[in-house]
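It should be emphasised that the depicted structure is a prediction, and the values quoted were computed from it without experimental measurement.
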Amino acid sequence: MRLLILGGTHFFGRHLVEVALSRGHEVTLFNRGTTNPELFPEVERLRGDRDGGLDVLRDRRWDAVVDSYGFRPRVVGDSVRLLQDAVEHYTFISTLGVYQPSPDSKDEDSPLMELGGEDPEEVTIRNYGALKALCEQVVREGFGERALVVRSGLMMGPYDYTDRYTYWVGRVAEGGEVLAPGPPETHVEGADARDLASWVVRMVEERRQGTYNVNGPAEPLHFGTFLETCRAISGSDARFTWVDEEFLHHNKVRVWEEIPVWLPRGAEGLCKVSNARARDAGLVFRPLADTLRDILEWDRARPAEERRRVAGMSPGRERELLEAWHRR
């Protein structure tokens, strides 16, 4: 299969390319060449910009395309129109963030976010889901039954530039007293990016169409189990001090920045999205311990300057909070 990947050198896209190559496909990458440009020297690499710089894609043909990073409807529309007659199948990587927030369970037919009067050119945390929903619509309008829409949840694994899961794996491996956001029964969401990449490539090979939620884990996962697994794979002496949500709020702890992955009360709906349709279509998950072990190995192999993580809590901040917790 001749496969065009828009992106392909950043976390999920990187795993996508590795899977496609391992399955014998002929891959072409289209990107600006600014993120990990040294990767995959064996594949054809086309340089351009999705916003007005698509000319290098003209008068070419591929069997399929995977759009791994589109988020502005206008820009995605340009790619769709250019490739409409150049490829047989279009896969768009979307997000579970397209769903309207609610504590209720959701599936692929649940209500979606709407943009309202916000500027579709300005991408923010607030309107990201609505923009992705509009991008989905653009892809379906252009490709119809030749379109596959993949609504992804949180991903983890090697090369995760967000450091959300990497922070916890690395921090627990360091050992000692670890500040843990309670209660331990809080649900955790996430799937190995390599499992999702393998599933996407197989779906493209089969020219599957429709919309699928591809979130994990396979079974409900609690934060306590997640941290215990981090400790088990690292063999550390970490001990967890569980602090409550009120303490975190009182001390102005920034959720998702200082406490990544953890969901406070009121956000439980993010862990109530059904992946049954994707699992029926062959989506499977490797054991959590395998994923966490690979994350730790990758993190330890990174150069020191790259291990200054963009998510998580500094050692000083953690000590300050633990002391405040014990004094209360």
Between the side chains of Arg286 and Thr291, does any donor sit under 3.5 Å from an acceptor?
no
- Any luck finding a side-chain donor-acceptor pair between Arg277 and Asn213 under 3.5 Å? no
Below 4.0 angstrom, N of the basic side chain to O of the carboxylate: do Glu88 and Arg146 qualify? no
(Q) Testing the 3.5 Å rule here: is there a donor-acceptor pair between the side chains of Thr241 and Glu177? (A) yes
Which of parallel (below 30°), tilted (30 to 60°) and perpendicular (above 60°) describes Tyr128 and Phe71?
tilted
Does the distance from a Lys or Arg side-chain N to an Asp or Glu carboxylate O, for Lys252 and Glu258, drop under 4.0 Å? no
Using 4.0 Å as the upper bound for N to carboxylate O, is an ion pair formed by Asp299 and Arg309? yes
Applying ring pair (Phe, Tyr, Trp, His ring centres under 6.0 Å) to His250 and not counting sequence neighbours gives none
- Group every Ile, Leu, Val, Met, Phe, Trp and Tyr by side-chain heavy-atom contacts under 4.5 Å, then state whether Met113 and Val150 land in the same group. no
Quiz item: Is Asp67 paired with Arg50 through a side-chain N to carboxylate O contact shorter than 4.0 Å?
Solution: yes
message = Salt bridge check, Asp294 against Arg194: does any charged N sit closer than 4.0 Å to a carboxylate O?
response = yes
Residue pairs passing the ring pair (Phe, Tyr, Trp, His ring centres under 6.0 Å) test with at least one member in residues 99-122, sequence neighbours excluded, are none
Here the side-chain hydrogen bond (donor to acceptor under 3.5 Å, both in side chains) pairs for residues 10-21, sequence neighbours left out, are none
Determine whether Asp244 and Trp325 make a side-chain contact, defined as any pair of heavy atoms from C-beta on separated by less than 4.5 Å. yes
Requested in this report: Look at Glu205 together with Arg202 and state whether they make a salt bridge at an N to O cut-off of under 4.0 Å.
Outcome: no
**Prompt:** Could Arg293 and Glu297 be called an ion pair, given the rule that one side-chain N must be under 4.0 Å from one carboxylate O?
**Reply:** no
Practice problem: May I ask you to say whether Asp51 pairs ionically with Arg74, meaning some side-chain N is under 4.0 Å from a carboxylate O? | Solution: yes
Check whether Trp168 forms a cation-pi arrangement with Arg164 (NZ or CZ under 6.0 Å from the six-membered ring centre, at most 45° off the ring normal).
no
- Centre of Trp298's six-membered ring, under 6.0 Å away, within 45 degrees of the axis: is that where NZ or CZ of Arg302 sits? yes
